[in-house]
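Have a look at the structure below before the remarks.
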Protein chains: 2
Amino acid sequence: MASGEETFQAYLRRQGLKTTRQRTAIAREFLSSHRHITAEGLHRSVSRKNPAIGLVTVYRTLKLLAQAGVAKERRFGANESCYEPAAAGGHHDHMICKICGKIFEFENVKIEGLQDRVAAEHGFLIQDHKLELYGVCRGCRKVKPGARRRK
Amino acid sequence: MASGEETFQAYLRRQGLKTTRQRTAIAREFLSSHRHITAEGLHRSVSRKNPAIGLVTVYRTLKLLAQAGVAKERRFGANESCYEPAAAGGHHDHMICKICGKIFEFENVKIEGLQDRVAAEHGFLIQDHKLELYGVCRGCRKVKPGARRRK
DNA sequence: CTTGATGCAAATTATTTGCATTGTC
DNA sequence: GACAATGCAAATAATTTGCATCAAG
């Protein structure tokens with residue numbers, strides 16, 4: 001069971017790329033910051049301990065992490081890309097609350113099974129998938145904002 | 001059964017917005033061009049008959065169409081947003097081929113049922129969802145590019 | 001005739017690239 | 001020591017906004 005960091009290092013070696021101080025720092029920070037983070041956000045985290053690292057390097061390293069299979073790029077409704085560590089323990093999907101913006105994760109094996117079946121019916125080979133449910137989360141449902149103003 | 005165009009007009013009136021020549025032209029073109037189109041692409045189409053309409057207006061109108069519920073914004077792996085007419089006849093999802101870039105549509109009621117169940121378990125109210133399968137389509141599977149070069 | 005809509009150019013945002021310098025292998 | 005990696009600034013790409021002018025209600 002290779003840790004994300006090991007997988008990344010192995011990928012670099014395999015590709016004849018170099019293991020640099022900044023790549024290691026970025027990868028480590030990324031892997032320890034569970035759940036979706038933006039390039040900008042990751043750069044902020046990394047900068048705390050390592051102010052000399054540039055945003056550009058974070059972008060480049062995130063791309064490498066994705067290629068290594070350690071990071072997954074996600075793009076929710078927003079304008080900027082999020083990355084998240086590729087969960088060692090299986091794939092998960094997201095529910096995004098349109099009110100508070102919170103993102104909830106879930107896993108459902110049956111849905112994945114059906115996806116496989118649909119793909120098979122079309123002769124399509126699935127490599128990856130994204131399922132996002134947009135709506136209102138439990139917390140925000142309680143609030144009932146406005147509830148249709150009466151004239 | 002209101003056509004997309006009628007729905008849009010109604011939305012404009014309801015919001016106290018104006019029905020302009022360009023909005024009508026853009027909406028009509030959009031609705032007749034089935035399946036995902038980018039702002040740029042739609043502008044190209046519209047320009048053919050109506051060269052004076054600016055790209056900016058297309059962007060603004062697409063946003064209105066989305067608010068009116070007539071258009072759905074989608075964002076596949078790519079960098080730019082696609083819009084597609086909100087299918088009058090039910091929701092559909094997408095399979096995107098990573099090789100040739102083609103996008104296939106499919107519909108699966110069982111998956112949607114499971115989504116509802118998962119959401120319910122979390123007290124989440126679904127308003128919309130996106131399911132995208134990324135992989136290799138039938139056509140591209142036949143080609144086998146490279147098939148792991150032997151050293 | 002009032003107020004929103006358009007179109008242009010300029011601004012923003014997210015991301016990428018050119019290039020001189022630096023650090024790994 | 002070679003050659004990839006970094007960081008800066010500048011370049012792109014997609015989209016948005018300010019503003020003077022125009023047109024729908």
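Chain identifiers are assigned alphabetically (A, B, ...) following the order of the sequence lines, protein sequences preceding nucleic acid strands; residue numbering begins at 1 within each chain.
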- Query: Rounded to whole angstrom units, what separation is found between the OH atom of A:Tyr59 and the P atom of D:dA13?
  - Reply: 16 Å
- Say whether, by atom type as modelled, one donor and one acceptor occur between the side chain of B:Thr20 and the main chain of B:Arg23 under 3.5 angstrom. yes
- Donor-acceptor contact below 3.5 Å, side chain B:Arg75 vs main chain A:Phe76: no
- Selection from C:dT16, D:dT15, C:dA14 that lies nearest to any side-chain heavy atom of A:Glu80: C:dA14
- Considering only D:dG7, C:dT6, C:dG23, which nucleotide approaches the side chain of A:Ile53 most closely? D:dG7
- Task: Let me know the distance between CZ of B:Arg13 and P of D:dA24, rounded to the nearest Å.
- Result: 16 Å
- Among the nucleotides C:dT15, C:dA5, C:dT17, whichever has the atom closest to the side chain of A:Val56 is C:dT17
- Item | Residue met sooner reading DNA chain C from 5', once B:Arg21 and B:Lys18 are mapped to nucleotides | B:Lys18
- Message: Measure CG/A:Leu55 against P/D:dA9 and give the value in whole Å, please.
- Response: 13 Å
- Roughly, in whole Å, what's the span from CZ in B:Phe8 to C1' in C:dA5? 12 Å
- Donor + acceptor pair across side chains of A:Glu84, A:His92 (<3.5 Å): yes
- Message: Under 4.0 Å, counting only non-hydrogen atoms across every strand here, what does A:Ala39 touch: a base, just sugar-phosphate, or nothing?
- Response: nothing
- Message: From CD of B:Gln22 over to P of C:dG7, roughly how many Å is that when rounded to an integer?
- Response: 5 Å
- Query: Expressed in angstrom and rounded to an integer, what is the separation of B:Leu64 atom CG from D:dT16 atom P?
  - Reply: 12 Å
- Let me know, please, whether B:Leu17 or B:Tyr83 comes out on the 5' side of the other along DNA chain D by nearest nucleotide. B:Tyr83
- Message: Between the base of D:dG7 and the side chain of A:Arg60, is there a donor and acceptor pair under 3.5 angstrom?
- Response: yes
- Message: The side chain of A:Thr20 is closest to which nucleotide in this list: D:dA9, D:dT6, C:dG7?
- Response: D:dT6
- Task: Return yes if some donor-acceptor pair links the side-chain N/O of B:Asn50 with the main-chain N/O of B:Ile53 below 3.5 Å, else return no.
- Result: no
- Task: Using a 3.5 Å limit on both pairing distances, list the dot-bracket string of DNA chain D from the 5' end; Watson-Crick and G-U wobble pairs count, crossing pairs take [ ], interstrand pairs take |.
- Result: ||||||||||.|||.||||||||||
- B:Thr19 near the nucleic acid: base, sugar-phosphate alone, or nothing, with a heavy-atom cut-off under 4.0 Å? sugar-phosphate
- Query: A:Glu6 side chain to A:Ser3 main-chain N or O, any donor-acceptor pair under 3.5 Å?
  - Reply: yes
- Message: Please check: side-chain N/O of B:Thr61 versus main-chain N/O of B:Thr57, any donor-acceptor pairing under 3.5 Å?
- Response: yes
- Message: Is there a side-chain contact between B:Arg75 and the phosphate of D:dA14, meaning an N or O under 4.0 Å from OP1 or OP2?
- Response: no
- Rounded to the Å, how far apart are B:Gln15 CD and D:dG25 C1'? 17 Å
- Would you check if there is a donor-acceptor pair between the side chains of B:His43 and B:Glu29 at a distance under 3.5 Å? no
- Item | Over 12 non-hydrogen atoms of neighbours within 6.0 angstrom of NZ in B:Lys98 | yes
- Length of the line joining B:Asn79:CG and D:dT15:C1', which is rounded to integer Å: 12 Å
